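Here the structure is a predicted model, which means the values were calculated and not measured.
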Amino acid sequence: MQTTFYPFTFQPVLKEKIWGGQKLHSLFQKGDNARAKMGESWEIADLPEGQSIVKSGSLKGKSLHELIELNAEDLLGSKVYERFGKNFPLLIKFIDATQDLSIQVHPTDETSPTGTGKTEMWYIMQADPGALLTVGFNQKITKEEYDERIKNLSIEEVMDTHEVQEGDSFFINAGRIHAIGGGVLLAEIQQTSDVTYRVYDYNRKDDSGNLRDLHVEESREVLDFELTQDFKLHYDRKSSNSPQVLKHHKYFKTDWLKLENSSYEIARTDSFTILIAVSGGFSYEGSGGNGTLQAGQTLLIPAANSGVKIVSDSCELLEVYL
C-alpha cells in the first residue's frame, strides 16, 4: 500500500540544561513549565537521544525514522537517499542560553567516533543587549600554547568574541572552537550528530555539585588552529520576496527569505525542504496539507510533496535543503 506523505510538523524534543532559560517557553510556548531551565528544543531529529514525533494528520504519532522506513526516497528525495540511505542528515534545534555555554569543538566526519561530524550554522533569533558569541581564536596559537592555556585556565584570553543581534548568522565548521554566550536565542542547523568535545566550562558545577567532564585530549586532535574570518554570513535584510543564500555547503543549504504581502512556492523534488519561521508567521497549503506556522515553529516538506505554497503578510524564514 502506497504511503501518502504531507507537510509535517513535529512535537519538539525539549532538553533541560544547566545553562538553559525560559525563552523557549515564554516566546514560543514550548513545554509547560515556565521555570524550567530549557536549553534546547530539538525541532527535527533522528537520533536515539531525540526522535521527532509527527504532531497531526494521518501519520500522527509516527517517528521521523518510521516515516523514512515507510518510504525513504519520497521523504528524503532521490539525491539525499543515494547519499545518506535511511538516515535523516540534519538536526534542527532552537537554543536558549541564559548562561554561557562551555567552550567546545566538534569533530569532522573523519575524526568523529561515530563517522559523522558536526558542522553547523547559527541564526540569531533574539539577543539581549551586549550578548556575545565566541567563534575561533583572536590570534595564531600552537598546540603547545593551547595545552598551556588549558592548564593555567587562560584559554578565554585567545578566544574571538562577537557582539550579536537578531538576524546575525554564523557558520561553524567542524574543528572551529566556539561558544554561545548568555542572552542568546538561536536556531541551529547541523549535521545529525550530538558529538561535542568540551574544552573549558568556567569551573562550573552541575546541580549535584560536580564539575562537568572536559574532553581536552579529544579537542586538541580535532581543533582547527588556522586564523580565518569567514564565519560571519552576509545578506541583505532589507530585501524581500526573494530567497537569499545564507550558506550553501555540502552538508546543508540554507536560504533566508522575507515575505511581505507575498507568496512563495516550494518546487524542489530531489530533496526534502525544512522551513523554520524566525519571525512573524505564514500559512501553507497544497500537496496534501495546510496550516500555519508562527515564529519558533518548523515544517518538514517531503521531497514528494513539492508544490507547497506559503503566504504571508509579514514573516522571515529559513529554507533548508540539500
Side-chain angles (χ1 to χ4, degrees), residues 23-24 27-28 39-44 89-97 100-101 104-106 117-138 159-191 193 224 228-260 264 273-280 282 293 295-299 312 314-322:
K23 291 177 184 176
L24 293 172
L27 297 180
F28 303 146
E40 296 182 355
S41 175
W42 290 18
E43 295 292 298
I44 299 182
L90 298 179
L91 174 59
I92 308 297
K93 298 178 182 178
F94 296 131
I95 297 177
D96 172 23
D100 294 347
L101 272 68
Q104 56 191 241
V105 66
H106 306 306
K118 190 176 175 183
T119 289
E120 61 193 24
M121 66 166 286
W122 298 330
Y123 181 90
I124 310 304
M125 299 179 70
Q126 187 273 336
D128 296 344
L132 301 174
L133 294 180
T134 295
V135 186
F137 295 108
N138 60 23
M159 302 298 298
D160 200 4
T161 58
H162 310 267
E163 188 169 334
V164 295
Q165 59 185 352
E166 177 187 343
D168 286 348
S169 193
F170 294 80
F171 176 68
I172 313 296
N173 58 283
R176 176 166 284 159
I177 199 165
H178 63 275
I180 300 172
V184 175
L185 173 67
L186 58 78
E188 181 174 271
I189 298 154
Q190 60 160 94
Q191 290 178 264
S193 170
D224 179 0
T228 54
Q229 297 291 320
D230 60 347
F231 41 79
K232 181 75 180 287
L233 304 177
H234 301 282
Y235 67 106
D236 182 7
R237 291 199 73 191
K238 296 179 181 179
S239 177
S240 60
N241 303 329
S242 181
Q244 295 187 60
V245 171
L246 268 183
K247 184 67 180 183
H248 283 193
H249 190 266
K250 67 178 181 178
Y251 295 120
F252 49 76
K253 295 179 173 65
T254 303
D255 298 337
W256 176 88
L257 174 64
K258 176 163 64 176
L259 289 179
E260 293 183 321
Y264 180 72
T273 301
I274 296 169
L275 300 180
I276 306 170
V278 294
S279 74
F282 61 86
L293 227 67
Q297 296 181 322
T298 306
L299 183 72
S312 178
S314 178
C315 78
E316 295 177 61
L317 61 92
L318 304 180
E319 181 181 8
V320 185
Y321 53 98
L322 276 97

Can the ring centres of F231 and H162 be said to be less than 6.0 Å apart? yes
Quick check against the 3.5 Å criterion: does [X] have a side-chain atom that pairs as donor or acceptor with the backbone of [Y]?
X	Y	result
K232	D168	no
N173	T119	no
D96	G39	no

Which heavy atom in [X] sits nearest to a heavy atom in [Y], and how many Å separate them?
X	Y	value
L24	L185	CD2-CD1, 3.9 Å
P243	Y264	CG-OH, 3.7 Å
D236	W256	O-CZ3, 3.5 Å
G117	S193	O-CB, 3.2 Å
S279	A295	CA-CB, 3.8 Å
V184	A131	CG2-CB, 3.7 Å

Would you give the length of the straight line joining atom [atom1] of [X] to atom [atom2] of [Y], rounded to the nearest 0.5 angstrom?
X	Y	atom1	atom2	answer
N241	L257	CG	CG	7.5 Å
S169	L318	OG	CG	7.0 Å
I92	S41	CD1	OG	11.5 Å
Y123	E166	OH	CD	6.0 Å
I189	I274	CD1	CD1	8.0 Å
I172	L133	CD1	CG	7.5 Å

Determine, step by step, whether E319 and L275 satisfy the side-chain contact (heavy atoms from CB on, under 4.5 Å) criterion, reporting the C-alpha distance in whole Å, the side-chain angles of both residues, the deciding distance to 0.1 Å, and the verdict. CA-CA 5 Å; E319 181 181 8; L275 300 180; 3.9 Å; yes
Of T273, I44, I276, the one forming a side-chain contact (heavy atoms from CB on, under 4.5 Å) with V320 is I276
Could you walk me through whether L322 and L90 satisfy the side-chain contact (heavy atoms from CB on, under 4.5 Å) test, starting with their C-alpha distance in whole Å, then the side-chain angles of each, then the deciding distance to 0.1 Å, before giving a yes or no? CA-CA 10 Å; L322 276 97; L90 298 179; 3.9 Å; yes
Test side-chain contact (heavy atoms from CB on, under 4.5 Å) applied to V135 and R176, step by step: CA-CA 7 Å; V135 186; R176 176 166 284 159; 3.5 Å; yes
E316 and its salt bridge (charged side-chain N to carboxylate O under 4.0 Å, His left out) partner, picked from R237, K258, K238: R237
Could you tell me if the side chain of K23 sits less than 4.5 Å from the side chain of D128, heavy atoms only? yes
Measure the shortest side-chain to side-chain distance between M125 and L186 over non-hydrogen atoms and say whether it is less than 4.5 angstrom. no
Who are the salt bridge (Lys or Arg N to Asp or Glu O under 4.0 Å) partners of E120, not counting sequence neighbours? none
Give the ring-plane orientation class for W122 versus H178, where under 30° counts as parallel, over 60° as perpendicular and anything between as tilted. perpendicular
Using side chain to side chain donor-acceptor pair (under 3.5 Å) as the criterion, list what pairs up with H248, not counting sequence neighbours. D255, Y321
Would you sort out whether F94 and E188 count as a side-chain contact (heavy atoms from CB on, under 4.5 Å), showing the intermediate values? CA-CA 6 Å; F94 296 131; E188 181 174 271; over 6 Å; no
Will you find, in the side chains of Q244 and S242, an N or O donor that is under 3.5 Å from an N or O acceptor? no
